[in-house]
Colleague: 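Before we start, here is the structure in question, set down as structure tokens.
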Amino acid sequence: MPTRRTAPLKLMTEAPIPALVQALTACHRDGTRLSAADWTDAVRTEADAYAVQDGVARALGWPLDRWKSGGAGPQGPFSHSPVSPVAGTAFLGVEAEVALRAGVDGAPEAMCIAVELVASRWAEGMEAPALLRMADFQSNAGLLLGPWQPYRALAWADVEWRLSLSGQPDIVRRGGHSLANPASVLPAWFKHATRDGATVKAGTVVTAGAWGGLHAWTGPVAGTLAFEGLGEFAFRAAASR
């Protein structure tokens, strides 16, 4: 079981966001976990959560060319987070997704089948409070990306998809994406990514939310994900702890 990490009480109380940035950065580096009860008061708003994301991504040297964005419906509310450029090694599950490659103006240029790896730096995992999970990059552990192809609109509500995980029954469904059109998240993502005068790189990847929710899984993961009109992607990710 991963070791739990604590921070000095004075730092946690006098400068909670920098303290949480420091603690989460260490978790990414050494695989330790934090207790949510120790940090609940550190993140009181979405702005706090995004400040923690920004700090940890900066401390880890992420290039900010991979993001995850999603929403409860086409009108939002939406949430966003940077994604690690390297797949993690400790998983809680996977999500079936479609990733988009955006231009410098945020418009979709290409798309591919994607598998989001889900993990948590909280000992409570997905039971941690929502704002703490948001601060922790929305429980992301990296993306596995299939071959890119030019972006085109599909009848997303009717698209059949199939997720096959080694040793498990296939999951076959039609539609099921909360936004109806995955690309509809891009304007909100672009506004978020360019706040405070920031710019986005050409070719930035934005995975646009899960089809069918979280599929629980621990240990090494291997399988295939197929979307009607996009083909099939065989994926694999190792787990070391």
Side-chain angles (χ1 to χ4, degrees), residues 1-2 28 31 33 62 65-71 79 81-101 108 110-122 125-128 133 136-152 154-183 185 204-241:
M1 179 178 296
H28 278 271
R33 299 290 181 267
W62 289 1
D65 58 1
R66 290 189 176 195
W67 291 77
K68 63 172 290 183
S69 293
S79 58
S81 73
V83 169
S84 171
V86 179
T89 56
F91 312 127
L92 296 175
V94 298
E95 293 180 351
E97 307 208 1
V98 171
L100 306 168
R101 195 167 64 199
M111 59 185 179
C112 73
I113 296 172
V115 174
E116 181 183 350
L117 303 172
V118 178
S120 181
R121 274 54 62 176
W122 300 108
M126 304 306 288
E127 299 303 315
R133 287 185 279 117
D136 183 32
F137 300 117
Q138 299 185 94
S139 306
N140 178 268
L143 287 174
L144 306 177
L145 300 174
W148 290 101
Q149 51 192 283
Y151 176 78
R152 64 193 186 284
L154 298 178
W156 296 107
D158 297 320
V159 166
E160 182 176 285
W161 57 274
R162 182 187 73 253
L163 175 64
S164 302
L165 295 172
S166 179
Q168 300 293 321
D170 287 0
I171 300 167
V172 181
R173 297 180 186 173
R174 187 174 294 278
H177 193 278
S178 63
L179 302 183
N181 175 5
V185 78
T204 293
V205 175
V206 183
T207 194
W211 298 70
L214 173 68
H215 306 282
W217 190 271
T218 59
V221 61
T224 60
L225 176 58
F227 276 86
E228 184 180 6
L230 291 175
E232 182 175 287
F233 171 46
F235 60 89
R236 179 181 299 272
S240 64
R241 57 178 184 268

Colleague: Below 30° counts as parallel, above 60° as perpendicular, anything between as tilted: where do the rings of W211 and W156 land?
Modeller: tilted
Colleague: Looking at R33, is its backbone amide N or carbonyl O close enough to the side chain of R121 to form a donor-acceptor pair, meaning the two atoms are under 3.5 Å apart?
Modeller: no
Colleague: Do L144 and L117 have side chains that approach each other closer than 4.5 Å (heavy atoms only, starting at C-beta)?
Modeller: yes
Colleague: In Å and rounded to the nearest 0.5 Å, what is the CD1 to CG distance from I113 to L163?
Modeller: 11.0 Å
Colleague: Are H215 and Q168 packed together at the side-chain level, in the sense that at least one heavy-atom pair is separated by less than 4.5 angstrom?
Modeller: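 The answer is no; the side chains never approach within 4.5 Å.
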Colleague: How far does CG of L154 sit from CG of N181, to the nearest 0.5 angstrom?
Modeller: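 Taking CG in L154 and CG in N181, the distance rounds to 9.0 Å.
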Colleague: With side chain to side chain contact (heavy atoms under 4.5 Å, CB included) as the criterion, how do E228 and L230 come out once you've worked through the C-alpha distance, each side chain's angles and the decisive distance to 0.1 Å?
Modeller: CA-CA 6 Å; E228 184 180 6; L230 291 175; over 6 Å; no
Colleague: Determine whether F91 and T218 make a side-chain contact, defined as any pair of heavy atoms from C-beta on separated by less than 4.5 Å.
Modeller: no
Colleague: Which atoms form the tightest heavy-atom contact between A141 and A119, and what is the distance?
Modeller: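 Smallest interatomic distance, heavy atoms only, reads CB-CB, 3.5 Å.
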Colleague: Of the non-hydrogen atoms in G71 and S178, which two are nearest, and what is the gap between them?
Modeller: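 For G71 and S178, the tightest heavy-atom pair comes out as O-OG, 2.7 Å.
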Colleague: First locate atom CD of E232, then atom OG1 of T224, and finally report the distance between them rounded to the nearest 0.5 Å.
Modeller: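 That separation rounds to 4.5 Å.
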Colleague: Check the pair R162, L225 against side chain to side chain contact (heavy atoms under 4.5 Å, CB included), reporting the backbone distance first and the verdict last.
Modeller: CA-CA 6 Å; R162 182 187 73 253; L225 176 58; over 6 Å; no
Colleague: Looking at side-chain heavy atoms only, is the closest gap between S120 and L92 below 4.5 Å?
Modeller: yes
Colleague: List the atom of P85, the atom of R66, and the distance in Å for their closest heavy-atom pair.
Modeller: O-NH1, 4.3 Å
Colleague: Nearest heavy-atom pair of G70 and V185: which atoms, and what distance?
Modeller: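 The answer is N-CG2, 3.8 Å.
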Colleague: Where is the tightest heavy-atom contact between L179 and A208, given as atom of each residue plus distance?
Modeller: CD1-O, 4.2 Å
Colleague: Any side-chain heavy atom of T207 within less than 4.5 Å of one from W67?
Modeller: no
Colleague: Say whether, by atom type as modelled, one donor and one acceptor occur between the side chain of R133 and the main chain of A128 under 3.5 angstrom.
Modeller: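 At least one qualifying donor-acceptor pair exists.
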Colleague: Identify the heavy atoms of P108 and A183 that sit nearest to each other, and give their distance.
Modeller: CG-CB, 4.5 Å
Colleague: I want to know whether W62 and F137 have ring centres closer than 6.0 Å.
Modeller: yes
Colleague: Using side-chain heavy atoms (C-beta onward) and a distance below 4.5 Å, is V118 in contact with E95?
Modeller: yes
Colleague: Quick one: is the NZ or CZ of R101 closer than 6.0 Å to the six-membered ring centre of W148, and within 45° of its axis?
Modeller: yes
Colleague: Could you measure the distance from the CD atom of E116 to the CD atom of E97? Nearest 0.5 Å is fine.
Modeller: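 Separation between the atoms: 4.5 Å.
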Colleague: Is it true that, when you exclude R236 itself, more than 12 heavy atoms of the residues, nucleotides or ligands shown sit nearer than 6.0 Å to its CZ?
Modeller: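 Atom CZ in R236 is not crowded, with 12 or fewer foreign heavy atoms closer than 6.0 Å.
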Colleague: Decide yes or no on side chain to side chain contact (heavy atoms under 4.5 Å, CB included) for V172 and D170, but give the supporting numbers first.
Modeller: CA-CA 6 Å; V172 181; D170 287 0; 4.2 Å; yes
Colleague: Looking at Q138, is its backbone amide N or carbonyl O close enough to the side chain of K68 to form a donor-acceptor pair, meaning the two atoms are under 3.5 Å apart?
Modeller: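 A pair under 3.5 Å: yes.
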Colleague: Within the structure provided, determine whether S139 and M126 are in side-chain contact (heavy-atom separation under 4.5 Å).
Modeller: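 Answer yes - side chains close enough.
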Colleague: Taking C-beta and beyond as the side chain, do W122 and D136 meet within less than 4.5 Å on heavy atoms?
Modeller: yes
